Amino acid sequence: MTATDQKSLGNGRAWAMLLLAGVFEIGYALSVGGSQAFTVPSWSIAALVFFLLTLYFLSGALRSIDVGIGYAVWAGIGSVGAAVFGSVLLDQPLTIAQTFWLAVIIAGVVWLKLADSIKLQGRA
């Protein structure tokens, strides 16, 4: 296995960890909302667990991914996921305009991932 292949494999793991961190961030955001300012013990414990998991996986991902890119992707996944799942699970309103701007965030996250690919970096 060449050094480029190893970097690609490590970078793939980092992006998987970043994706998991984003999923746990969604759980954290929804749990904080359900905790009602940390007055509901079960939701508060869930929020703490999701918080620790998102920090663990985010810090692992940022070992290989630049902090600015990693944080932007993590925040994008968390914000879009919280808005969508909040709408579905918690009956929070989601307007057409909000949906459009969430789609813009998703497009930005996809482009950030594509810009991090080795093929595109080699062309730059």
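Values reported hereafter were calculated over all heavy atoms of this structure, with side chains retained and with hydrogens, waters and symmetry mates removed. None of the values given here were measured: they were computed from a predicted structure.
Under the 4.5 Å side-chain heavy-atom criterion for ILVMFWY residues, a single connected hydrophobic cluster contains both Y28 and L48. W15 and F24 are assigned to two separate hydrophobic clusters, defined by single-linkage of ILVMFWY side chains at heavy-atom distances under 4.5 Å. Note on L52: it does not cluster hydrophobically with L19, by side-chain heavy-atom contacts below 4.5 Å among ILVMFWY residues. Cluster annotation: V49 is not connected to I26 through the hydrophobic network of ILVMFWY side chains, with a link wherever side-chain heavy atoms come within less than 4.5 Å.
Taken to the nearest 0.5 Å, the CG atom of L58 stands 11.5 Å off from the CG atom of L20. Atoms CD and CG, on E25 and L53 in that order, are 11.5 Å from each other to the nearest 0.5 Å.
Legend: side-chain hydrogen bond (donor to acceptor under 3.5 Å, both in side chains) pairs involving residues 29-42, not counting sequence neighbours: none detected.
Surrounding OH of Y56 are at most 12 heavy atoms belonging to other residues, nucleotides or ligands under 6.0 Å away.
Under the ring-ring contact (aromatic ring centres under 6.0 Å, His included) criterion, F50 pairs with no residue, sequence neighbours left out. Partners of W43 by side-chain hydrogen bond (donor to acceptor under 3.5 Å, both in side chains), not counting sequence neighbours: none found. Listed by chain and number, the residues in a side chain to side chain contact (heavy atoms under 4.5 Å, CB included) with L90 are L30, Q92 (sequence neighbours excluded).
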Would you give me the side-chain donor-acceptor pairs under 3.5 Å for residues 69-85, sequence neighbours excluded?
from: W74; atom 1: NE1; to: A21; atom 2: O; distance (Å): 3.4
from: W74; atom 1: NE1; to: T54; atom 2: OG1; distance (Å): 2.9
from: S79; atom 1: OG; to: A75; atom 2: O; distance (Å): 2.9
from: S79; atom 1: OG; to: G76; atom 2: O; distance (Å): 3.2

List, one per line, each side-chain donor-acceptor pair under 3.5 Å for residues 93-108, sequence neighbours excluded.
from: T95; atom 1: OG1; to: Q98; atom 2: N; distance (Å): 3.1
from: T95; atom 1: OG1; to: Q98; atom 2: OE1; distance (Å): 3.3
from: Q98; atom 1: OE1; to: T95; atom 2: N; distance (Å): 2.8
from: T99; atom 1: OG1; to: T95; atom 2: O; distance (Å): 2.8

